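Please read these numbers as outputs of a predicted model, since none were measured by experiment. As the structure lists them, so they are numbered: ligands from 1, and atoms in each ligand from 1.
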Amino acid sequence: MNIIKQKAISLIENAWAKSGTVLSVRAWNPATFFEVDVHFSNMDMSAWTRVQYIKVKVANGVYRDYTPAGWDADIRTCTLYINALQDSPGSKWVKSLQQGDEITYVGVSNTMHRPVDRGEMMVLGDMSSIGHYLALQQLAGDKLLSGAISIGKESHCNEFLEYFKWKVQPVLQEDSGGFNSLLEWTKNENLADSDVYLSGHIPTCVLLRKELKRRKDQPNGIRAQGFWK
Ligand SMILES: Cc1cc2nc3c(=O)[nH]c(=O)nc-3n(C[C@H](O)[C@H](O)[C@H](O)COP(=O)(O)OP(=O)(O)OC[C@H]3O[C@@H](n4cnc5c(N)ncnc54)[C@H](O)[C@@H]3O)c2cc1C
């Protein structure tokens with residue numbers, strides 16, 4: 001990183017950075033997916049109406065976006081669900097986390113995704129979307145989301161079913177974003193009175209949107225929030 005960029009980042013950090021404390025870390029088996037419970041004493045979660053994301057410092061001058069889910073506004077805790085399959089700064093960071101560590105983040109921002117009043121809500125994505133859709137479910141309250149999450153490992157599919165008693169189902173992933181298995185899953189679904197939410201692998205979101213737009217039972221809306229490519 002050049003010196004000017006480094007100085008700019010440290011100025012932003014000094015002005016905006018806040019911190020949270022890791023309460024616990026749970027790894028799925030194999031350990032390429034993590035649930036991290038965090039206490040964010042400065043984060044006011046009480047007025048959230050959309051799914052949020054935070055920019056988390058994962059290395060010197062390196063930030064990655066993650067989604068606070070399962071929040072308790074009274075005690076200012078939440079869980080981050082982090083995919084760490086790839087060899088990357090985010091993966092290395094989450095694998096190193098331990099109870100009591102401090103997490104640095106800058107800002108909490110809105111995504112485009114919020115619950116709708118009309119019809120059904122159907123969600124499609126990969127493992128990076130799990131926290132995002134758990135957050136959407138929390139905002140939707142009694143209105144149950146349906147949908148599918150593409151997951152590369154069978155053992156993770158089993159853990160998903162065990163941990164989340166949810167209408168959203170795991171499907172075994174065949175390609176990098178899960179396009180084929182997610183599309184296959186939608187074929188047995190009636191979308192006519194649904195809003196479909198897409199997130200995760202950007203090319204998969206683009207292709208799924210194209211395919212769903214072609215259907216006779218077109219959904220009320222298709223809302224995409226791409227994460228990575
Ligand atoms: C609004 C928003 C919210 C997000 N929330 C979450 C979240 O809650 N949990 C979460 O896990 N991710 C989340 N993401 C995605 C995450 O920020 C990116 O995937 C990020 O690039 C991961 O950083 P990294 O350092 O692991 O990989 P990078 O260094 O960015 O990428 C390294 C390589 O890994 C590939 N890659 C990146 N992400 C994935 C992935 N998920 N699966 C497979 N390959 C990948 C890239 O294509 C690249 O080739 C969110 C993104 C956005 C925009």
**Item:** Donor-acceptor pair, side chain of His132 and main chain of Ala69, under 3.5 angstrom
**Value:** no
**Message:** In this structure, does ligand 1 have an atom that sits under 4.0 Å from one of the heavy atoms of Ser88?
**Reply:** yes
**Request:** Examine Gly90 against ligand 1 and note whether any of their N/O atoms are separated by less than 3.5 Å.
**Result:** yes
**Request:** Could you find the nearest protein heavy atom to atom 19 (O) of ligand 1 and give me its residue, atom name and distance?
**Result:** Trp228 CB, 3.5 Å
**Request:** Measure from the side-chain N and O atoms of His113 to the backbone N and O of Arg223, and report whether any donor-acceptor pair falls under 3.5 Å.
**Result:** yes
**Asked** Which residue owns the protein heavy atom closest to atom 50 (C) of ligand 1, what's the atom, and how far is it?
**Response** Asp65 O, 3.2 Å
**Message:** Regarding Asp37 and Arg26, does a basic nitrogen lie under 4.0 Å from an acidic carboxylate oxygen?
**Reply:** yes
**Item:** Protein contact of atom 7 (C) of ligand 1 - nearest heavy atom, named by residue and atom, plus distance
**Value:** Ser128 O, 3.4 Å
**Request:** Return the residue, atom name and 0.1 Å-rounded distance of the protein heavy atom closest to atom 42 (N) of ligand 1.
**Result:** Asn83 ND2, 3.1 Å
**Prompt:** Do you reckon Phe160 sits in the same ILVMFWY cluster as Phe33, going by side-chain contacts under 4.5 Å, direct or chained?
**Reply:** yes
**Asked** Quick one: does Asp217's side chain have a donor or acceptor within less than 3.5 Å of a partner on Leu191's backbone?
**Response** yes
**Request:** Provide, to 0.1 Å, the distance between atom 48 (C) of ligand 1 and the closest protein heavy atom, together with that atom's residue and name.
**Result:** Lys229 O, 4.4 Å
**Complete:** With heavy atoms and a 4.0 Å threshold, my read on which part of Tyr66 contacts ligand 1 is both
**Item:** Nearest-contact summary for atom 9 (N) of ligand 1 - protein heavy atom, Å
**Value:** Tyr81 O, 2.8 Å
**Request:** Look at atom 1 (C) of ligand 1 and say which protein heavy atom is nearest, naming residue and atom and giving the distance to 0.1 Å.
**Result:** Tyr53 CG, 3.5 Å
**Asked** Are Trp93 and Phe34 connected in the hydrophobic side-chain network, where two residues link if heavy atoms are under 4.5 Å apart?
**Response** yes
**Message:** Against ligand 1, does Ile82 come closer than 4.0 Å with any heavy atom?
**Reply:** yes
**Item:** Heteroatom distance test (Gln86, ligand 1): nitrogen or oxygen, under 3.5 angstrom
**Value:** yes
**Message:** Can you confirm whether Gln225 sits close enough to Val51 that some side-chain heavy atom of one is under 4.5 Å from a side-chain heavy atom of the other?
**Reply:** no
**Prompt:** Does Tyr133 have its ring centroid less than 6.0 Å away from the ring centroid of Trp166?
**Reply:** no
**Request:** Kindly indicate, with the supporting measurements, whether the criterion side-chain hydrogen bond (donor to acceptor under 3.5 Å, both in side chains) is fulfilled by Glu120 and Ser194.
**Result:** CA-CA 4 Å; Glu120 303 291 316; Ser194 300; over 6 Å; no
**Request:** Scan Val116, Leu124, Ile222 and name whichever one has a side chain to side chain contact (heavy atoms under 4.5 Å, CB included) with Tyr197.
**Result:** Val116
**Item:** Minimum side-chain heavy-atom gap Tyr66-Ile103 below 4.5 Å
**Value:** no
**Under 3.5 Å: N/O of Arg64 near N/O of ligand 1** = yes
**Message:** Below the 3.5 angstrom mark, is there an N/O of Asp126, backbone or side chain, next to an N/O of ligand 1?
**Reply:** no
**Item:** Identity and separation of the nearest protein heavy atom to atom 8 (O) of ligand 1
**Value:** Thr67 N, 3.0 Å
**Asked** His132 near ligand 1, heavy-atom distance under 4.0 Å?
**Response** no
**Protein non-hydrogen atom found under 4.0 Å from atom 44 (N) of ligand 1** = yes
